[in-house]
Number of protein chains: 2
Amino acid sequence: MIREKKRIFSAFADMKGLRATRQRDLILDVFLSTHQHISVEELYLKVKAANRGIGQATVYRTLKLFVEAGLAREIVLHDGQTRYEHLVAGEHHDHLICTGCNSIIEFENEAIEELQREIAARHGFVIKSHKLELYGLCPSCRN
Amino acid sequence: MIREKKRIFSAFADMKGLRATRQRDLILDVFLSTHQHISVEELYLKVKAANRGIGQATVYRTLKLFVEAGLAREIVLHDGQTRYEHLVAGEHHDHLICTGCNSIIEFENEAIEELQREIAARHGFVIKSHKLELYGLCPSCRN
DNA sequence: AACGATATCGATAATTTTTATCATTAACTC
DNA sequence: GAGTTAATGATAAAAATTATCGATATCGTT
Ligand SMILES: [Mn+2]
Ligand SMILES: [Mn+2]
Ligand SMILES: [Zn+2]
Ligand SMILES: [Zn+2]
């Protein structure tokens, strides 16, 4: 999986005429080693722990490349912080978020997706992307 | 409708012990005269046109009060700009957005809402709010 | 392997949006 | 009307992201 994603980025870089740099390699390694929904600042700190010299502008720039390459998705939740998560090709999911502890549950629902397409079609739109976030309290935060 | 909303805000202010100021009156008047999805900056300019002396911090503060009073909803779309829209008590809608011309179509779909509740229940959540945005191209922007 | 062109980097300034601070002003109570 | 204090407006500050730019590293070509 990780090896595959590295290959994808490498191919993307080739196609776009981008150079292979130590920084991009390292940031991709660290990003792939993390789990879901990491903020730029959090990732920057992790990367800096491995290589003191890396600037945060580079982390910002590189994450945008990952999105462009189809490896990552940018998500902005209720708290306004921009986060990135791994993107699995061909898959999609939405988020159920606890406003108490900020935990996130991912879900997929084809019935909703189909209804979305119907609504869009009714207005002559073709959907390119969508964002569905459900906010509530998880079982442990309800007490 | 407008008179009713002014009454609601007035009652809200009484309840919270807030004072009735010229600024709040004016900002509410201008806000109610606008149509959907206005940014703070846009509203600030409109308000300033009516009364040069008003500060934008007051507009920020007052819009938050409108939300608290149930008169307005804050929405943050793809472009990152925070906007406010009138809220009709007991009603809810989601957004279909054209990424070409930024036009917005509002829709309601009870079937989707029901599916959302089912998904949440499956994870022991009770939904407090949700956000559904469909992004695509409108008929005129598809050419 | 060295060269040359230039993409990329890191530091930092600049932007953008929103919030905090605080002295002054204006509502409300009596 | 006087006193109390919430609210305002100007401005500083914070927070997040983007732009700028000289120095450096990459890479195709020698
Ligand atoms: Mn996710
Ligand atoms: Mn709307
Ligand atoms: Zn929780
Ligand atoms: Zn359009």
Side-chain angles (χ1 to χ4, degrees), chain A residues 6 9-31 37-69 72-84, chain B residues 6 9-31 37-69 72-84:
Chain A
K6 288 176 135 181
F9 185 68
S10 182
F12 168 80
D14 277 0
M15 201 215 343
K16 298 274 285 187
L18 303 179
R19 291 175 179 176
T21 68
R22 312 157 189 290
Q23 289 88 341
R24 284 172 181 163
D25 272 358
L26 175 61
I27 294 170
L28 181 53
D29 272 339
V30 175
F31 178 62
H37 317 125
I38 192 168
S39 72
V40 184
E41 182 66 15
E42 285 165 354
L43 186 64
Y44 168 58
L45 292 177
K46 277 180 185 287
V47 170
K48 204 167 64 169
N51 183 335
R52 192 78 44 94
I54 289 194
Q56 69 182 152
T58 301
V59 177
Y60 273 96
R61 288 186 284 235
T62 306
L63 280 170
K64 286 188 185 300
L65 290 179
F66 292 169
V67 171
E68 216 184 322
R73 176 163 70 137
E74 183 183 307
I75 57 174
V76 182
L77 302 181
H78 227 205
D79 65 359
Q81 270 217 284
T82 300
R83 294 166 188 284
Y84 288 86
Chain B
K6 288 175 136 181
F9 185 67
S10 182
F12 168 80
D14 277 0
M15 201 217 340
K16 298 272 287 186
L18 303 180
R19 292 176 178 175
T21 68
R22 314 159 188 289
Q23 288 89 341
R24 285 172 180 162
D25 273 357
L26 174 61
I27 294 170
L28 182 53
D29 273 339
V30 175
F31 178 62
H37 316 125
I38 192 168
S39 70
V40 184
E41 183 65 17
E42 285 166 354
L43 186 64
Y44 169 58
L45 292 177
K46 278 179 184 287
V47 169
K48 204 168 64 170
N51 182 336
R52 190 77 46 96
I54 288 195
Q56 69 183 152
T58 301
V59 177
Y60 272 96
R61 287 186 284 236
T62 305
L63 280 170
K64 286 188 186 298
L65 290 178
F66 293 169
V67 171
E68 217 184 320
R73 176 162 70 137
E74 182 183 308
I75 58 174
V76 181
L77 303 181
H78 226 207
D79 66 359
Q81 272 217 282
T82 299
R83 293 166 189 284
Y84 288 85

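- With contacts defined as side-chain heavy-atom distances shorter than 4.5 Å, the pair B:Q56/B:K48 does not qualify.
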(message) What does the B/S/- profile of nucleotides 4-9 of chain D look like, 5' to 3', with a 4.0 Å heavy-atom cutoff to protein?
(response) -BBSBB
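- Rounded to a whole Å, the CD atom of A:E74 is 14 Å from the P atom of D:dA16.
- For the pair B:K48 NZ and D:dA10 C1', the computed distance is 13 Å after rounding to whole Å.
- OP1 and OP2 of C:dT18 both lie 4.0 Å or more from every side-chain N or O belonging to B:K64.
- Within the 4.5 Å cutoff, side-chain heavy atoms of B:I38 are placed close to those of B:K46.
- Atom-to-atom, OH of B:Y44 to P of D:dA10 comes out at 7 Å; the value is rounded to the nearest Å.
- Rounded to an integer number of Å, the gap from B:Q81 CD to C:dT16 C1' is 10 Å.
- Applying salt bridge (Lys or Arg N to Asp or Glu O under 4.0 Å) to A:E68 and the options A:R73, A:R61, A:K16 leaves one that passes, A:K16.
- For A:F66 and A:Y84, the ring centers are positioned 6.0 Å apart or more.
- Taking atom CG of A:D79 as the reference point, atom P of C:dT19 lies 13 Å away to the nearest angstrom.
- A:L43 places its CG atom 13 Å from the P atom of D:dT17, with the value rounded to the nearest Å.
- A:T62 has its side chain out of reach of A:Q23: every pair of non-hydrogen atoms, C-beta onward, lies at least 4.5 Å apart.
- Phosphate contact (OP1/OP2 of C:dA7, side-chain N/O of A:K16, threshold under 4.0 Å): absent.
- A:L65 has its CG atom 13 Å from the C1' atom of C:dC9, to the nearest Å.
- Atom CG in B:L26 sits roughly 15 Å away from atom P in C:dA26 (whole-Å rounding).
- Remark: B:D29 engages B:K6 in a salt bridge, criterion side-chain N to carboxylate O under 4.0 Å.
- Closest approach to the A:T82 side chain among D:dT26, C:dT17, D:dT17 is made by D:dT17 (side chain taken as heavy atoms from C-beta onward).
- In this structure, the side chains of A:V30 and A:L26 come closer than 4.5 Å at one or more pairs of heavy atoms.
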